[in-house]
Visitor: 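Below is a structure I'd like to ask you about.
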Number of protein chains: 2
Amino acid sequence: MARLSDMIEEFIKTLLEESNGQLELQRNELADYFECAPSQINYVLATRFSLDRGYYIESRRGGGGYIRIIRLDMDNNDYIMYLLKERIGNRISQQAAEDIIYHMLNKGIITERESLIMKAAIQDKGIGIPTNLKDNVRASIMKAMLTAILTLRN
Amino acid sequence: MARLSDMIEEFIKTLLEESNGQLELQRNELADYFECAPSQINYVLATRFSLDRGYYIESRRGGGGYIRIIRLDMDNNDYIMYLLKERIGNRISQQAAEDIIYHMLNKGIITERESLIMKAAIQDKGIGIPTNLKDNVRASIMKAMLTAILTLRN
DNA sequence: GGTTATTGACCTTCTCTGACTTTCATTTTA
DNA sequence: TAAAATGAAAGTCAGAGAAGGTCAATAACC
């Protein structure tokens with residue numbers, strides 16, 4: 001018997017298919033439709049539409065709130081996906097991060113201006129907190145920026 | 001666009017466009033037009049036409065009262081210098097930083113791609129350390145990125 | 001028995017309203 | 001004519017309402 005999560009996953013994927021890889025939905029509406037708890041939707045999003053699986057989620061609370069699901073183009077972005085899934089873990093040094101940015105510039109994934117902004121954001125000086133945490137913060141920031149670039153390329 | 005606030009924001013921006021960046025309006029009139037509470041107008045002004053987003057509000061109460069909305073048009077380099085030297089100190093909230101990035105995008109100082117990268121770099125989620133330090137780290141990163149942009153433009 | 005799924009209670013954020021306050025111009029009154 | 005009253009604005013703020021988020025406890029599955 002098909003599990004609820006699977007059905008919701010299928011449903012969302014169909015919608016994504018119909019809407020060119022990007023869609024907005026209302027959490028409560030969807031939960032009503034499947035007669036389940038609203039938090040069930042979060043579970044499906046977390047387990048089936050994670051970054052690892054090639055999706056990016058944005059949302060907004062309050063009146064007029066929404067959840068936006070974006071399918072990322074994994075095939076044309078395998079280098080970035082590799083960076084996100086394997087190369088960058090919880091920590092990364094400034095040198096390593098700069099090397100990655102340099103490489104992305106060379107491959108034409110980002111512009112020179114973009115490379116300068118990114119380098120500024122991951123500098124030791126920029127981060128300005130105790131050294132033992134810097135590499136962790138840098139890894140977070142780096143991944144957040146890379147994810148932003150992924151959503152751009154669709 | 002479901003939200004009333006967004007509709008009012010759009011409306012005001014159209015008026016501003018037509019009137020060369022400065023306009024006067026009557027709060028109650030506008031509230032009547034949108035069939036909402038007058039204080040809704042204040043909410044829109046506070047959240048969408050803040051100083052960080054590049055607008056300045058003047059008003060006068062009593063008979064013949066008005067609200068004047070002024071779009072700020074500062075030289076781009078001066079604006080960045082103001083951000084670096086005055087606006088951003090040791091700490092800045094995510095909302096304020098996002099408003100500034102939004103404003104820079106509107107003024108054509110940065111591209112949309114650059115704005116997304118910058119927003120990613122200053123997200124609470126991206127920074128991933130104890131809350132009490134986030135605003136400090138964010139301020140550092142923001143200033144580092146702005147400095148990079150400033151050097152680019154010379 | 002351990003992993004995966006589901007729910008519900010509680011939290012956070014954003015929007016919108018209404019009651020109350022303040023300010024200013026005009027008109028009335030002593 | 002100066003002070004008081006009136007009316008016409010705009011401002012403030014707390015609270016209700018409308019979304020989505022989190023997490024721990026339980027249930028279902030393999």
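The shown structure was predicted, so the numbers you read here are calculated from the model rather than taken from an experiment.
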Visitor: At less than 3.5 Å, do the side-chain atoms of Arg61(A) and the base atoms of dG21(D) form a donor-acceptor pair?
Guide: no
Visitor: Without decimals, in angstroms, what is the distance between Leu30(A) CG and dG21(D) C1'?
Guide: 16 Å
Visitor: Please determine, by modelled atom types, if Asn106(B) and Arg53(B) share a side-chain donor-acceptor pair under 3.5 angstrom.
Guide: no
Visitor: Grab the stems for DNA chain D, please: at least three consecutive Watson-Crick or wobble pairs, both distances below 3.5 Å, written as range with range.
Guide: C:1-30 with D:1-30
Visitor: For DNA chain C, note the earliest and the latest nucleotide, 5' to 3', having some atom under 4.0 Å of a heavy atom belonging to chain B.
Guide: dC14(C) to dA25(C)
Visitor: With a cut-off of less than 4.0 Å, is there a side-chain N or O of Asn28(A) near OP1 or OP2 of dA19(D)?
Guide: no
Visitor: Between dA19(D) atom C1' and Asp32(A) atom CG, what is the distance in whole Å?
Guide: 13 Å
Visitor: Are Ser115(B) and Met118(B) close enough that some pair of their side-chain heavy atoms sits under 4.5 Å apart?
Guide: no
Visitor: With sugar-phosphate meaning primed atoms plus P, OP1 and OP2, does Ile67(B) contact a base, only sugar-phosphate, or nothing at under 4.0 Å between heavy atoms?
Guide: sugar-phosphate
Visitor: If we ignore hydrogens and angles and just use 3.5 Å, is the side chain of Asn77(A) paired with the main-chain N or O of Ile80(A) as donor and acceptor?
Guide: no
Visitor: Compare every heavy atom of Gln40(A) with every heavy atom of Ser5(A), then report the nearest pair and how far apart it is.
Guide: OG-NE2, 2.9 Å
Visitor: Compare side-chain N and O positions of Ser59(B) against OP1 and OP2 of dG11(D) and report whether any pair is under 4.0 Å apart.
Guide: yes
